[in-house]
Structures are given as C-alpha cells and as structure tokens.
Amino acid sequence: MRDTFLPFCRPSISEEDIAAIGDVLRSGWITTGPKVAALEDAVAKRCGAKHAIAATSGTALMHLALQALGVGPGDEVVGPSMTWVSTPNMVELLGGTNVFVDADRDTLLASPEAIAAAITPRTKVVIPVHYAGAPADLDGIRAVCHAKGVTLLEDAAHAIGTHYKGREVGGQDTAIFSLHPIKNITSGEGGVLTTNDDALAKKLRRLRFHGLEVDAHDRSQQGRSPQAEVQEPGYKQNMPDMNAVLALRQLPRLDEFIERRDAISALYRRELANVDGVLPLADPAWSHRHARHLFVVRIDERTAGLDRTAFMEGLKKRNIGTGIHFLASHTHRWYRENRGQWMGRLPDTEWNSARICTIPMFPDMTDADAMDVVQAIKETLAGARVAVAGGAR
Ligand SMILES: *Cc1c(COP(=O)(O)O)cnc(C)c1O
C-alpha cells in the first residue's frame, strides 16, 4: 500500500506559474486588466471563436448567459440532469424551469433525440454537457436547435481542448469553460465563455461588471472610463489578473496535459478490462479528441460484491482519493422536495448516479501512481469477495 495519499485530482502548478502570479501582485494592478485581455484573446484564438469573455467562474458565466438570453419565468431550459448542479440552480434562480433529459447509459451524454423530445414551445435554451471531456453529438444537437429555433449553449466545463469531428469545442456555438482547480487548466477559480455572437458578447461584458457601458478602450486602458454609465443593472463577476495569469500560463500546456491524461486513461482501461464489477465509461462513436477530464467507473454491486460507498471507503483506506461526478441534479434534496416529478423518469441517469465513481486522474500522476490505484481496486474487491464468501456481510 502507498504511504502517501493520492488525491483524485491536483492542478499542475510550476514554480514559474507561482512567479508569474508574484509578478502580477508586484505590478500594482491585480484586478481585471491586461492578463484577462490576453487570456481572452488566447482562448478565442485557440477555439476559433470571435469573442472570449472571462469571469469569476463557469457558474457565473452560466448565470450571465442565461440572463442575457432572457431566461425567466415561463421559460424552459433543456439539459441533462447528469451535470454539476450549478447549471440547474442558475435556471431556478432566474425563475426558469429545468427540463431534464436522460443521458446515455455508457457515455453519460444526452443524445440529440432525447433533447428533441424534451423541447416544447416554451423552450428557450438547450444546454448539452461534454461530460468528462467527451463531446456531445454537436451536429445532431445543433440541427435540433436550429429546427426548433432555440439557443444552443454548451456546458464545456470539462472540455477545454476537446475536439468534435476535427474541430475544437467552443468555435461554433456559445460555450462555457470552467477554470476551477479540478478542471484541465485552472485560474484558481474562473471561467471563459466563447461566442461568435457580437450582441451577446457585448451584453455579457456589461452584465459581468455592473452593467457599465463597454467601449473599445476598456481592453487597452486598464478598467472602465470614469464616465461609463450603467446601461442595465449588472453583476460583479469580473476575473482578476492574478487569476488570469495562471490560466494564461496553463493554456500552452493544455495539449501536453491531455496527452498525459490520455496515457493514464489507456493504462486504466487495460488494467481494469478484466476486473468484474468496475465498468469504465464508453467513448462516443463519432470522431473526437477526448480531453480525459475525469476517469469515471461504475461499481456494479452484483458483480463487484460491494456497493459504491464500500468501494470508496476501501480505496480511501488504501490512500487513494475518489469523487462522485455527479449525483444527478434531480436527486439532490431540494430538487427531490420541490421538483419531485423527475424521480423515476430518467432511468439511465439514476442508474449511473448511484454507481459512478471518479478515480485519480491528473497530469502529474505517474504510471506507478496509476498502478497503485489499480492495485487498491483489486484488493478492495478481493476483500469484499472474501467477506461475502465467509458470510461476513
Ligand atoms: C465545474 C462545472 C461547472 C461550473 O464551473 P465552476 O467554474 O466551478 O463554476 C459547470 N458544469 C459542469 C459540468 C462542471 O463540472
């Protein structure tokens, strides 16, 4: 057994990254300024999008985008329940209605067919999730949205660096990336939205900073002109330069990070192929580059001999960290108590919600670390089987 704890994720931060943050602190300008502008330019360029807009989190950008798109009482937002609950929460806070769709049992992606079936005349926005860094079927989903006249907003929180049919996610539709420390690159906390929609970009830039008028000078000068006026009441969700500089330094390493994640993922797949009851997700059928944000397995109690809770405890005892991404949104207490009509209607989501477990995956992990995870899984399962055979359960 390893003698140090292996967390399920850890950002890769170099001494140069730390020095770059120090430089921002010493510069005298630490809030939104040139580093944010440079990060926005770099993300827009990488994705092939006209605009990129940084904010304090992916959640903040979801809030701003839903508000900018006019989501409010009477409007429905269609998306998978298998997502981080931040998205459904923003819909609720704006007075909108979440319409949840089931996810594919083995990829956890919502299909164009499931989305099409959930759209009604009240639907305003569709939010697919590129779960774990695998792209949703964008061609199909985009066609459904165009046919029905609803806005497509991609939850690309896991998907910076993901490709769909040869194109980088974020270049075609409006997409939101998260830069939370668990994600493939980080700004500490933060997020970036990409879009080709000029009017939406302008509105978001305003809403992110008090609703103040935005002009071309804002990006060259530091901050707003002192004469800028409120065009509509807005929020305070601008990203500080201290944070932006970290993501700006991480972005050029993204491909290297993903290659390393891909190698760890391949090792896990090889080593777990013959382990009963521990089922990795499937990759989507369409051509893609997976960002390998999370490595998720499902613990099938009938063949594993133990449930997810016991599995996670067994790994923890062996110094291996795990997580759950995610408990399906509609199964959270508030949603059960206030939006209870969804329980039982999303069978593949519920099956996975009770069984998924994220095992360690981050670029600084060694192959030996990954083999420690495999070993801990095998020992945990063997222990459970001995207990079952001995009637100890
Ligand atoms: C992380 C995450 C978000 C929110 O991003 P934050 O930057 O943490 O606010 C949204 N959706 C999904 C699927 C996520 O994993």
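All values derive from a computational prediction rather than experimental measurement.
- For CZ of Arg385, the number of neighbouring non-hydrogen atoms (other residues, nucleotides, ligands) closer than 6.0 Å is greater than 12.
- Note on ring orientation: taking the six-membered ring where Trp is involved, the planes of His158 and His293 are tilted (angle from 30° to 60°).
- Rounding to the nearest 0.5 Å places CG of Asp255 at 10.5 Å from CZ of Phe257.
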Practice problem: In sequence, state the C-alpha distance, the side-chain angles, and the governing distance for Arg46 and Glu168, and then conclude on salt bridge (charged side-chain N to carboxylate O under 4.0 Å, His left out). | Solution: CA-CA 8 Å; Arg46 168 154 189 144; Glu168 185 107 3; 2.7 Å; yes
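- Salt bridge annotation for Arg10-Asp369: absent, with no cationic side-chain nitrogen under 4.0 angstrom from a carboxylate oxygen.
- No salt bridge links Glu301 with Arg308; every basic N to acidic carboxylate O contact stays at or beyond 4.0 Å.
- Of the charged side-chain nitrogens involved, at least one lies within less than 4.0 Å of a carboxylate oxygen, so that Arg208 and Glu40 count as a salt-bridged pair.
- Between Trp342 and Phe100, the ring-plane angle classifies as perpendicular under the 30° and 60° cut-offs.
- Checked by atom type and distance alone, the side chain of Arg2 never pairs as donor or acceptor with a backbone atom of Asp372 at under 3.5 Å.
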Quiz prompt | Residue pair Arg105, Asp348: steps toward the salt bridge (charged side-chain N to carboxylate O under 4.0 Å, His left out) verdict | solution = CA-CA 5 Å; Arg105 193 171 171 107; Asp348 290 336; 3.3 Å; yes
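- Think of Leu204 as one node in a network of Ile, Leu, Val, Met, Phe, Trp and Tyr side chains linked at under 4.5 Å; its network also takes in Ile53, Leu61, Met62, Leu64, Leu66, Leu69, Val71, Val77, Met90, Val91, Leu93, Leu94, Val125, Ile127, Leu153, Ile176, Leu193, Leu200, Leu207, Tyr235.
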Quiz item: What do the steps show when you test Asp364 against Arg260 for salt bridge (charged side-chain N to carboxylate O under 4.0 Å, His left out), and what is the final call?
Solution: CA-CA 8 Å; Asp364 290 347; Arg260 183 65 199 135; over 6 Å; no
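- The distance between the ring centers of Phe8 and His325 falls below 6.0 angstrom.
- Remark: the Thr195 side chain and the His51 side chain contain no N/O donor-acceptor pair separated by less than 3.5 Å.
- With values rounded to the nearest 0.5 angstrom, Cys9 atom SG is found 11.5 Å from Met361 atom CE.
- A salt bridge links Arg318 and Glu379; the closest N-O separation between the charged side-chain nitrogens and carboxylate oxygens is under 4.0 Å.
- Atom CD1 of Ile324 has more than 12 heavy atoms from other residues, nucleotides or ligands within 6.0 Å.
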Quiz item: Can Arg142 and Asp173 be said to form a salt bridge (charged side-chain N to carboxylate O under 4.0 Å, His left out), step by step?
Solution: CA-CA 9 Å; Arg142 194 178 297 119; Asp173 317 292; 2.8 Å; yes
Exercise. Determine, stepwise, if the pair Asn243 / Ser187 fulfils side chain to side chain donor-acceptor pair (under 3.5 Å).
Key: CA-CA 5 Å; Asn243 297 79; Ser187 58; 5.0 Å; no
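- Pairs engaging residues 266-285 under the side-chain hydrogen bond (donor to acceptor under 3.5 Å, both in side chains) rule: Asp283-Arg292 [sequence neighbours left out].
- Between the side chain of Lys124 and the main chain of Thr151, no donor-acceptor pair closer than 3.5 Å is present.
- With sequence neighbours excluded, the residues satisfying salt bridge (Lys or Arg N to Asp or Glu O under 4.0 Å) with Asp198 are Lys50.
- Both Leu306 and Val275 are part of a single hydrophobic cluster, where members link through side-chain heavy atoms under 4.5 Å apart.
- Heavy-atom contacts from other residues, nucleotides or ligands closer than 6.0 Å to CD of Glu337 number more than 12.
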Quiz prompt | Verdict with reasoning, Met343 to Glu350, per side chain to side chain contact (heavy atoms under 4.5 Å, CB included) | solution = CA-CA 8 Å; Met343 286 303 281; Glu350 287 175 16; 4.2 Å; yes
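- Note on Lys203 versus Glu232: salt bridge recorded, some NZ/NE/NH1/NH2 to OD/OE distance being below 4.0 Å.
- The minimum heavy-atom distance between Leu152 and Cys145, with the atom names listed, is CB-SG, 3.9 Å.
- Salt bridge annotation for Lys317-Glu313: absent, with no cationic side-chain nitrogen under 4.0 angstrom from a carboxylate oxygen.
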